[in-house]
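We're numbering straight along the sequence, starting at 1. Each ligand, and each atom within it, is numbered from 1 in the order the structure gives.
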Amino acid sequence: MKINHHRIQDTNSKDLKSHQDHFDFSANSLSKKGVDINTIIKKLQDFQVAIPSWALGAGGTRFGRFSFYGEPSSLEQKIEDVGVLHALTQTAGAVSLHIPWDIPQDYNAIKDLANSLDIKFDAVNSNTFQDQKKAKESYKYGSLSNATEAIRQQAIQHNIDVINIGNKLGSKALTVWLADGSCFPGQNNFQTAFQNTQDSLKAIYNRVPSDWKLLIEYKPYEPNFYSTVIQDWGTSLMLANECGEKAYTLVDLGHHLPNSNIEQIVSILQLKGKLGGFHFNDSKYGDDDLTVGSIKPYALFLIFNELVYGMENNPQNPDLAWMIDASHNVKDPLEDLIQSLEAIQEAYAKALLVDQAQLKEAQLDNDVVKCQEILQDAFRTDVRPLLAKARLDRGGALNPIKTYRSLDIRNSLIKERGKNTVATGL
Ligand code: LRH
Ligand code: MN
């Protein structure tokens, strides 16, 4: 399904007047504060987030999975759904594939389809946390960390295969997340598991093309519940440093123990030039993969405040890979992703309103109250008219959820695909 831009403009027409009033008010009050609106709008338009190919169907847990029908049952249909998100939001201009869930059958056809929808291929993800039917070795007790060399070799070769697939699509990064770890004390030798992982990552690193990045994703637990080999940012950083300059850490917001100060982690990784990218989502307890900004919007704002500071002051850190990693148990996957994209844009826009020079001055004066006032003034500013303007000027929807519903897209997808299609992924 491809959305015709005129249909989006039609749905916008009813809200254009009220949008203009809101925008004029915002532009007026922000300009009075010396804010350069046009620069912010340009930065919002340039901020493209990759959609996870594994999160376009209904997610599920071990307790159950409830479909939304009309799910994409092929990579082509997944790319089309990302196209719908991008047409409405103008900020979903990339997709991140997960292998083997999304192995292209016809590379040229897939690339042409993505091109026609202005979708780029961001990082490709390997998968050594599940056994494939025809696989010779099992990853039950680990992959890159496994004590058995034949199993490590199979996992290394899989990552090399994923690089080759990404290369044919124009991707420029490989994301490695390992479930490797243990469920009980004594089950693993921590040092052997770490050393094997380091050596295996180096073998993969040596096959990473010169203009690519290797993104090493950490996670404290699940599916292992006693230890995880790449458990935290420090471990990921150590492994990235051991690999070399093309290796970086990947921060999945849901991969932190309760009350972790993620904005501080982000700040220091940028200072060290080793922050490679994000998997945006939100969570209340564990790796809940909930809608971005739905639980801790202020924490997301504080992370973007560090990102804006880092993008201005840390030229040693490369451009970041912006990706969503979510799972949808009770929401229409496309509506959930639209809300996540909105929350990311909102946090970024509010962070761009922070007067970093004024904040630095207040910090040097130890004026703690003023520091908080500067941050919260930005956080409490309604930036939604700026987001809408950024979308409108690029042909997007003033209100993507409203347009998604008034164009009755889910039912059109059900008519086209039926009720029994199931998307590959989580
Ligand atoms: C692990 C993870 C990783 C993906 C998987 C789908 O929890 O965040 O990024 O490979 O989800
Ligand atoms: Mn992730």
Side-chain angles (χ1 to χ4, degrees), residues 49-62 65 78 94-103 122-132 139 142-145 155 158-159 161-163 165-166 171 173-181 197 201 204 213-225 227-233 235-236 239 248-257 260 262 265-266 269 275-292 300 303 320-329 333 336-337 340 344 423-426:
V49 176
I51 302 296
S53 63
W54 60 92
L56 291 162
T61 71
R62 56 188 165 161
R65 182 182 186 281
K78 288 187 175 189
V95 63
S96 180
L97 301 189
H98 217 298
I99 308 297
W101 294 334
D102 306 303
I103 297 177
D122 204 311
V124 281
N125 299 264
S126 60
N127 176 342
T128 58
F129 51 86
Q130 294 171 329
D131 287 342
Q132 305 309 317
Y139 298 134
S143 61
L144 299 182
S145 71
H158 165 68
N159 279 277
D161 297 345
V162 174
I163 292 170
I165 289 170
S171 177
L174 167 69
T175 296
V176 175
W177 168 68
L178 299 183
D180 293 31
T197 302
L201 281 172
I204 294 167
K213 293 189 183 79
L214 173 61
L215 305 176
I216 302 172
E217 184 176 2
Y218 57 88
K219 183 175 181 177
Y221 70 94
E222 190 210 31
N224 278 297
F225 295 104
S227 75
T228 296
V229 177
I230 310 182
Q231 61 167 320
D232 61 11
W233 67 277
T235 307
S236 170
L239 291 165
Y248 299 89
T249 65
L250 186 140
V251 176
D252 183 314
L253 298 185
H255 293 184
H256 298 87
L257 296 175
S260 297
I262 303 175
I265 293 170
V266 165
L269 288 173
L275 179 64
F278 280 86
H279 278 180
F280 292 114
N281 47 54
D282 208 339
S283 50
K284 178 106 179 115
Y285 303 105
D287 188 19
D288 310 340
D289 281 345
L290 299 175
T291 317
V292 181
L300 182 69
I303 289 168
L320 294 161
W322 312 109
M323 297 171 278
I324 291 173
D325 185 358
S327 178
H328 325 286
N329 300 339
D336 197 338
L337 289 162
S340 283
I344 292 167
T424 53
L426 282 184

Look only at the side chain of Asp252 and the backbone of Lys219, and say whether a donor-acceptor pair between them is shorter than 3.5 Å. no
Could you identify the single nearest non-hydrogen protein atom to atom 7 (O) of ligand 1 and state the distance to 0.1 Å? Lys219 NZ, 2.9 Å
Per-atom contacts of ligand 1 with Trp54, taking only distances under 4.0 Å to non-hydrogen atoms: 6 (C)
My understanding is that only residues two or more places apart in sequence, or in another chain, count here; which of them pass side-chain hydrogen bond (donor to acceptor under 3.5 Å, both in side chains) with Thr235? Asp232
When you compare the side chains of Ser96 and Asp122, does any donor N or O come within less than 3.5 Å of an acceptor on the partner? no
Indicate yes or no for a side-chain donor-acceptor contact from Ser126 to the backbone of Asn159 under 3.5 Å, with no hydrogens or angles considered. no
Report yes if Trp101 has an N/O atom closer than 3.5 Å to an N/O atom of ligand 1; otherwise report no. no
Do any heavy atoms of Glu222 fall under 4.0 Å from ligand 1? no
Can a non-hydrogen atom of Asp287 be found less than 4.0 Å from any atom of ligand 1? yes
If I take the Mn ion (ligand 2) as the centre, what angle separates the OE2 atom of Glu217 from the OD2 atom of Asp252? Nearest 10 degrees is fine. 90°
Atom 9 (O) of ligand 1: nearest protein contact (heavy atom, Å): Glu217 OE1, 2.7 Å
If every non-hydrogen atom of Asp287 is compared with every non-hydrogen atom of Tyr221, which pair is closest and at what distance? N-OH, 4.4 Å
Short N or O distance, Trp177 and ligand 1, threshold 3.5 Å exclusive: no
As an exercise, identify every atom of ligand 1 less than 4.0 angstrom from a heavy atom of Asp252. 8 (O)
Has Ser283 got a side-chain atom pairing as donor or acceptor with Asp288's backbone, closer than 3.5 angstrom? no
Asp102 side chain to Trp54 side chain, donor-acceptor N/O pair below 3.5 angstrom: no
Among non-hydrogen protein atoms, atom 4 (C) of ligand 1 lies closest to His98 NE2, 3.7 Å
Which atoms of ligand 1 are found less than 4.0 Å from any heavy atom of His279? 9 (O)
Where the Mn ion (ligand 2) is the corner point, what angle links ND1 of His279 with OD2 of Asp325, to 10°? 100°
Atom 8 (O) of ligand 1 [closest protein heavy-atom partner, distance rounded to 0.1 Å]: Asp325 OD2, 2.7 Å
Can any side-chain N or O of Asp131 pair as donor or acceptor with the backbone N or O of Tyr139 at less than 3.5 Å? yes
Whether Phe280 and Trp322 hold their rings parallel, tilted or perpendicular, with breakpoints at 30° and 60°: parallel
